[in-house]
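Comments concern the structure below.
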Amino acid sequence: MLKALPVEMPLPQIRINSTSNEWEVSIDGGNTWTNTGVMATGDKGDTGATGATGDSWISDINYSADGKNWSDTSSSESKYVKFILAKGGELVFPTQAWAKEVEAQLKTLTEQIQAFSSLISGKSFIKSITPATGTDGRNGQLITYVVAKADGTTNREQTFTIYDGAKGADGTTSAAPAIGVEYEENTGNYYWTVGGKKLTDGSGKPIRANG
């Protein structure tokens, strides 16, 4: 007949010694450990057989300088590379040569925009020309213009009006207005004149002919 173990008796504990790699056992709750002399791991087994080589997912690689004509030879001019997939389909990617070309194009475009901004900055541009009638009944043309800024925006619209010449003494002929330009030496600008007098805008300032 088996005899029951005392209730207070602790269960055996086991562990692997980190130094000897052997199993150890404790019957006092882990206070002391006894080496069993049994290794926890066996000797290294033989190398297994080499596995089969898997199939490649790429069947071919092509290169192109324009994205239209392809070759299996890469060069410094190749701007695109195309991977032909083994199971159908293809993937196309740009190369470093493509990136450098785009960078050069963007640089040129930026320089052109800056040059254009300098060209139009401070220049006057006519927006519209519409018929107008003066308080004395004379017909004329209302000219609306704006002055461009370096950033491409414009200031508020400004206007001036050129009227037909006054009727002649006999009421049948009219004197055509003499339109010209006048150079002002102290400013270095040319100004529009009608009948020898400078044209002015709505604020009374003379209108430059040279922008």
Side-chain angles (χ1 to χ4, degrees), residues 62-71 75-82 90-211:
N62 293 151
Y63 306 88
S64 174
D66 57 7
K68 298 178 181 179
N69 302 301
W70 297 89
S71 168
S75 72
S76 60
E77 301 298 322
S78 299
K79 297 182 179 66
Y80 304 92
V81 58
K82 177 167 62 176
E90 58 187 39
L91 298 173
V92 178
F93 297 97
T95 66
Q96 185 179 21
W98 173 88
K100 288 183 176 180
E101 180 178 341
V102 171
E103 181 181 12
Q105 291 175 349
L106 290 175
K107 181 180 179 182
T108 299
L109 181 60
T110 299
E111 292 173 349
Q112 291 174 343
I113 291 174
Q114 291 174 343
F116 181 72
S117 296
S118 299
L119 178 66
I120 67 172
S121 178
K123 303 298 189 300
S124 298
F125 295 91
I126 293 177
K127 247 188 122 173
S128 63
I129 301 176
T130 56
T133 303
T135 56
D136 58 358
R138 288 189 298 162
N139 295 324
Q141 302 294 328
L142 175 65
I143 300 175
T144 302
Y145 70 98
V146 293
V147 178
K149 300 178 183 178
D151 61 1
T153 61
T154 58
N155 63 2
R156 62 183 180 83
E157 295 181 357
Q158 301 184 58
T159 62
F160 65 92
T161 306
I162 298 177
Y163 292 103
D164 296 340
K167 290 184 178 181
D170 58 5
T172 59
T173 59
S174 60
I179 301 175
V181 292
E182 178 182 314
Y183 177 70
E184 191 174 86
E185 189 171 352
N186 63 329
T187 64
N189 292 316
Y190 290 88
Y191 295 91
W192 289 107
T193 63
V194 176
K197 295 183 179 180
K198 291 180 182 177
L199 278 176
T200 57
D201 57 22
S203 60
K205 295 180 180 179
I207 300 173
R208 289 195 302 178
N210 59 319

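Only a predicted model underlies this, so the values are computations on that prediction, with no experimental measurement involved.
Closest approach of G204 to T200, counting heavy atoms only: O-CG2, 3.5 Å. Closest heavy-atom contact between A148 and F125: CB-CE1, 3.7 Å.
Note that CG of N139 is 12.0 Å distant from OG1 of T161, once rounded to the nearest 0.5 Å. One distance of note links CD1 of I162 with CD1 of I143; it measures 4.0 Å at 0.5 Å rounding. A distance of 7.0 Å separates CG of L199 from OG1 of T193, quoted to the nearest 0.5 Å. The distance from atom CD of Q158 to atom OG1 of T144, rounded to the nearest 0.5 Å, is 10.5 Å. Here the straight-line distance linking atom CG of N189 with atom CD of E184 works out to 7.5 Å at 0.5 Å rounding. To the nearest 0.5 angstrom, S71 atom OG is 13.0 Å from E77 atom CD.
Within a 6.0 Å sphere centred on CD of E111, other residues, nucleotides and ligands contribute more than 12 heavy atoms.
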Does the pair Y145 and I207 meet the rule for a side-chain contact (heavy atoms from CB on, under 4.5 Å), with working shown?
-> CA-CA 11 Å; Y145 70 98; I207 300 173; 4.1 Å; yes

Show the numbers, then the answer: is there a side-chain contact (heavy atoms from CB on, under 4.5 Å) between W70 and V92?
-> CA-CA 11 Å; W70 297 89; V92 178; 3.9 Å; yes

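A donor-acceptor distance shorter than 3.5 angstrom exists from the side chain of T95 to the backbone of S78, with no hydrogens or angles considered.
With a 4.5 Å cut-off on side-chain heavy atoms, V194 and Y163 do not count as touching. Between Q114 and T110 the shortest side-chain heavy-atom distance falls below 4.5 Å.
For the 3.5 Å distance criterion, the side chains of S64 and D66 qualify, holding a donor opposite an acceptor.
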